[in-house]
There are 2 protein chains.
Amino acid sequence: MGGRKVPDVVVRRLPLYLRVLEELDVEETPIISSHELGEQSGVTPGQLRKDLSFFGVFGKQGVGYNTLYLREELRRILRLNQQVNVGLVGVGNLGMALIHYHKPKEDPNGIGLRLVAAFDIDPQKIGKRISDVPIYSVEKLPEVIRQLNISIIILAVPAEVTEDIFRRCIESGVRAFLNFAPGKLSAPGHVRVHATDVTLELESLAYYR
Amino acid sequence: MGGRKVPDVVVRRLPLYLRVLEELDVEETPIISSHELGEQSGVTPGQLRKDLSFFGVFGKQGVGYNTLYLREELRRILRLNQQVNVGLVGVGNLGMALIHYHKPKEDPNGIGLRLVAAFDIDPQKIGKRISDVPIYSVEKLPEVIRQLNISIIILAVPAEVTEDIFRRCIESGVRAFLNFAPGKLSAPGHVRVHATDVTLELESLAYYR
DNA sequence: TAGATTGTTAATCGATTAACAATC
DNA sequence: TAGATTGTTAATCGATTAACAATC
């Protein structure tokens, strides 16, 4: 377990399972079957079990999965059982939306994703705080990334400057990015980029409309 | 051609090819090979040719693809060779970002995606225009969808109301959606939903960081 | 014990890649 | 014609689904 490489499609489904488990009332549903958890996550029971099997054994035959236990195990697998510091570059409309969208985690232990810093070039914005998130100068990227131990960067800057900022973040040791600018970022092998490209989404939708 | 059903992965790559072709200078590159177009799109030459073969024959053996012709054919296949009217529900920060992001298409013929209407419940916003896009009351959704012939709706509203607005749009005949709210929308078979779920993206990134 | 449900293996399905005949 | 590159078929790869022995 943990040894073989896990397919990316599998990793991407784990947060889905975790979300369903987190929405569940543990008092009400202390145990859940692959049938029910699969149903609520939109996958087949078999696929759910197969996915989990990449990481170990979490259920009891004839019984099901302990809701609380599986939840914690998924957090551990996703490395969300610790504080994961996220930085946001670009405090335009999109950046603002992301800051407001981010609920500083209702979790009591302060565990999981945490937006700890935003970056912009606008002197009007630098030094301010929005929803408790401090805004730094983009110049301070390397410094702040290290000081605050930021491991994920969200890129919400204009397309023209994305590549440059991307490069600078990599140099500061960041290996995980969520990019909202159109176009592919060329990344070294150990760097992971998840992207959201609105134009591509809309254009493929046009086919189906 | 056109008969068999085309895999979704293929449809989703077409806008990528189209983008590369649109960025190309036709004077400079009147003809392009599958090798070069594939390279620039991030796919193998074989995959590019396979993808295109679902829709017909577009190249010349021993030569390559006519840049201008393939561009137009891809637009036709994606149904972007006509004005495609898009509506946006929710003019918060995200909605604003999307409005500003949308360049009303530098295309001379006014062809392709066009954001023609936004909707909100805030009386302060209703009746105004942002970047030329008029803001209507959400109450007017059915009416405006029909009048402006809107075929794609972007959902940028809070999670709690997304399902409801989604339903109302479907009732008004919309069959293609881009959803930014977290959570799965349950849609009838003929309705297509592409989704961007920031939390899921970040949580799966945590695994790779 | 009988019933239920997991974990896992084998079968199926679908997508990608390799290879090459067709042909410009 | 010789060289190049397409369109397409066959081989491979990977992911999903079906099925069932293990076992709670």
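In the text below, chain A, chain B and the rest are named by the order of the sequence lines, each starting its count at 1.
The base-pairing partner of D:dT8, taking Watson-Crick or G-U wobble contacts with both distances under 3.5 Å, is C:dA19. Base pairing of D:dC13 is made with C:dG14, judged by Watson-Crick or G-U wobble geometry with both donor-acceptor distances under 3.5 Å. Pair assignment for C:dG3: D:dC24, on the basis of Watson-Crick or G-U wobble contacts that are both within less than 3.5 Å.
A 6.0 Å sphere centred on NE2 of B:His194 holds more than 12 heavy atoms belonging to other residues, nucleotides or ligands.
With contacts defined as side-chain heavy-atom distances shorter than 4.5 Å, the pair B:Leu14/B:Phe55 qualifies. Residues A:Arg167 and A:Ile170 have side chains not in contact (no heavy-atom distance under 4.5 Å, counting atoms from C-beta outward). Counting heavy atoms from C-beta outward, A:Tyr65 and A:Leu21 have side chains that stay 4.5 Å or more apart. Inter-residue side-chain proximity for A:Val11 and A:Phe54 is flagged as unmet; no heavy-atom pair is nearer than 4.5 Å.
Residue A:Ile31 contributes atom CD1, which lies 13 Å from atom C1' of C:dA4 at whole-angstrom precision.
Between A:Arg19 and A:Glu22 there is no salt bridge, since none of the side-chain N atoms of the basic residue sits less than 4.0 Å from a carboxylate O of the acidic one.
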For each nucleotide in nucleotides 6-16 of chain D, reading 5' to 3', give B when a protein heavy atom comes within less than 4.0 Å of its base, S when such contact involves only the sugar-phosphate, and - otherwise. BBBB-----SB
